[in-house]
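Some notes on the structure that comes next.
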There are 2 protein chains.
Amino acid sequence: MTLNTMQQKIDLNQIPERSLHLFKLLVEHFIQDGQPVGSRTLARDTDLELSPATIRNVMADLEEMGLLHSPHTSAGRVPTVKGYRLFVDSLLRVHALNEREIEHIAEELKSRQDMQSLLQRTSNMLSDITRLAGIVTLPRQDQHALKHVEFVSLSDDRILVILVINDNQIQNRIINTARVYTPSELQQASNYLNQKFAGKDLATIRAGILSELKRMKDNVSQIMQTAIEMAQQAFLKNDTGDDFVLAGQTNLMDVAELCDVERLKKLFNSFNQKRDILHLLEQSIHARGVQIFIGEEAGYDVLDNCSVVTSPYEVDGQILGVLGVIGPTRMHYERVIPIVDITAKMLGLALNSQN
Amino acid sequence: MTLNTMQQKIDLNQIPERSLHLFKLLVEHFIQDGQPVGSRTLARDTDLELSPATIRNVMADLEEMGLLHSPHTSAGRVPTVKGYRLFVDSLLRVHALNEREIEHIAEELKSRQDMQSLLQRTSNMLSDITRLAGIVTLPRQDQHALKHVEFVSLSDDRILVILVINDNQIQNRIINTARVYTPSELQQASNYLNQKFAGKDLATIRAGILSELKRMKDNVSQIMQTAIEMAQQAFLKNDTGDDFVLAGQTNLMDVAELCDVERLKKLFNSFNQKRDILHLLEQSIHARGVQIFIGEEAGYDVLDNCSVVTSPYEVDGQILGVLGVIGPTRMHYERVIPIVDITAKMLGLALNSQN
DNA sequence: TTTTGCACTCTTACCGTGAGAGTGCTAAAT
DNA sequence: ATTTAGCACTCTCACGGTAAGAGTGCAAAA
């Protein structure tokens, strides 16, 4: 399996077979142990019978093309971002996971719980088996169907709204009201709303509420009026800010190239602010299959030296969200990619079986 | 305001006034800039007209008593854990917060929302104004009153249970059932349970359910049976593991004495596992007022070089949980202590006003 | 086109040195 | 009996020099 290219600046045919082979070897070597790779090492490791000098020439060419880089005169070479791109898009062959691993993932995801917990668990699992940071976005709820709405009076002017969305997502909100509502009013209101809106998606419901409000001037049953008053607040778009779950951040502290407190702090802060990471993830929500962001390619400089491997997850062909893994550019892509891929699929299945 | 002592190994009267004065000065100096403090510096900074040599003698005595420590021969002195203890318990005078600060805290806490969000917000605020890590435990729910229970059918064998506890805490659980329940069955069951158990605390309810189960053999109305079946699962004790909210961990990355990736990793991991931290916090749940844990005093070696300042928060005289701040032993106690103190009180007020 | 040989560069670890900071001790001063 | 001055001592830290090692690039030979 070879990944489809995202941006193809390099013409594969322009590069001799042998150079590509050596390049691939070099990247693999570097991913393995993080040290710049020199010509001697490479000569020893390949079955091509070549002298270090020849390999030096090849490496010089590759450097010219912008695929490699020397930290300094007498260090070996290290892949550039462009180099990683080429490697990942055209050279890498991922291993299929063995059955035991697949089994393990399936096992981990099959428990029957609400969606939030399931996603949390997925994130944990991703970080555990990759030893990197796992990330899973919560689904946008707009396009999903309301299953049930319920009101509970908390105090004179505070009402708890419970929205059940799509059979497995539960959302609680508290709304403040201008007057006291009796339990039976609330009961009737929720009956009315459930009858009218259950099964519709939230965006539609919001629109529906507005049109009801207009009609209300004319013929107003008391029940309807209460219901609509409630609903107006209850269905307000709320950006919880709680848009993804992250796990295993501490795994990143083991990675040598990120092992600088300043850098780590910036990275962790951007995890907390969520904004940048969210932007990045949104970019991949409509990609088919696994997508890979390398280093600051995407323009977020906190992600310097980091790669993000993502895949959307879906139920019934509808994309709900994105999951993936954040780690150093120097990660074992051939292992991480299929893990992300399979996990996304399994999560889709797990969510589907809940209906 | 002087804090009451927790363990008093040092007899204050055994130490000359002057030594105490110098000791206090030294600790304050060290807290200020983190460098070991030498005799010259101290001689310069005090208004006592003493030569460095005299001060050296005093310092030697203090070291003898185990209050100070020299990193090496020709460094200045640094407080030991025992030294901090003395400082915090007997020497420190905390500044009252100025009105602007109190105002700010009140402002931050007065929004009317559910308890979980309020606690999250409190934690954030603590970390923001102290520039350290803020922590707030979620209340143990056993002793609190059930306000309302509600069942929603999700699919044939899955039912959503919504528990409203104490007017402001909401808990969702999903339970699996052996057979299909109709909506009206669920409705009747919840009516029954609400009528029977609303206002009682969860522990009592669990006990009540057991005794109902026994009685059931005799006279069984269908409704009751359903209700008790549901309730049995619904009120199972669940340790969510989600027992405290932490904020501002990244603030700890600025602290020089923790600025070692290994150490930070251990610390963050213990935050994630929650167990140790929770144990520590539980120790202070029945203390009156602010309590301070210094370094590995409490036996958790991840907290080496860290102090934890806590205070329980309460509503109507009943302690709900604990909040506080985690930072380096070298923190500005005279500022942090009143912040934690006031925040706990304000949080109590904020929670109270919700009823 | 590939290889050999070689000079060159850069990093890293190691060592020795000297300045600076702070100590402890002894003897003198108050 | 304290306090102080004087002084030798110790330890850290920053600096510079050196030598080893790794890897390069280039020119000339194969």
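Everything numeric here is computed off the predicted structure, so don't read it as measured data. A note on names: the letters A, B, ... follow the listed sequences, proteins ahead of strands, and every chain is numbered from 1.
Of the N and O atoms on the side chains of A:Asp341 and A:Ser311, not one donor lies less than 3.5 Å from an acceptor on the other residue.
Counting to the nearest Å, the P atom of C:dT2 and the CG atom of A:Asn57 are 9 Å from each other. If you take CG of B:Leu42 and P of C:dA21, they are 17 Å apart, rounded to a whole angstrom. Atom CZ of B:Arg56 and atom P of D:dT3 are 14 Å apart (whole Å). Look at CG on A:Asp33: it is 15 Å from C1' on D:dA22, rounded to the nearest Å. To the nearest angstrom, P of C:dG22 lies 15 Å from CD of B:Glu63. As rounded to whole Å, 14 Å separates atom C1' of C:dC10 from atom NE2 of A:His69. Following rounding to the nearest Å, A:Leu68 (CG) and D:dG23 (P) show an atom-to-atom distance of 14 Å. In this structure, CE of A:Met59 is placed 8 Å from P of D:dG25, rounded to the nearest angstrom.
Not a single donor-acceptor pair, N or O on each side, falls under 3.5 Å between the base of D:dG23 and the side chain of A:Arg40. A donor and an acceptor atom never sit less than 3.5 Å apart when one is taken from the side chain of B:Thr73 and the other from the base of D:dC11.
Stacking of A:Lys24 on the aromatic ring of A:Phe87 is not recorded, the 6.0 Å distance cut-off and the 45° axial limit not both being met.
Using a 4.0 Å heavy-atom cutoff across all strands shown, B:Gln35 reaches no nucleic acid atom at all. As judged by a 4.0 angstrom heavy-atom cut-off over every strand, A:Ala53 is placed among the base-contacting residues.
The phosphate of D:dG21 (OP1 or OP2) has no side-chain N or O of A:Ser74 nearer than 4.0 angstrom. Distances shorter than 4.0 Å separate some side-chain N or O of A:Arg77 from OP1 or OP2 on D:dT24. Between D:dT3 and B:Arg18, a contact under 4.0 Å exists linking OP1 or OP2 to a side-chain N or O.
For the side-chain contact (heavy atoms from CB on, under 4.5 Å) test with B:Ile339, the passing option among B:Val336, B:Ile337, B:Thr343 is B:Thr343; the others fail.
The listed nucleotides are D:dT24, D:dG23, D:dT4; the one nearest the side chain of A:Ser39 is D:dT24.
If you take CG on B:Leu264 and NZ on B:Lys266, they are separated by 11.5 Å, rounding to the nearest 0.5 Å.
Summary of the strand contacts: B:Val37 and A:Pro52 both lie near DNA chain C, and taking for each the nucleotide with the nearest heavy atom, the more 5' one is attributed to A:Pro52. Both B:His72 and B:Glu49 sit near DNA chain D, but only B:Glu49 has its closest nucleotide nearer the 5' end.
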Item to check | Intermediate values then yes/no, salt bridge (Lys or Arg N to Asp or Glu O under 4.0 Å), B:Glu297 and B:Arg85 | outcome: CA-CA 10 Å; B:Glu297 229 181 19; B:Arg85 184 88 266 163; 2.7 Å; yes

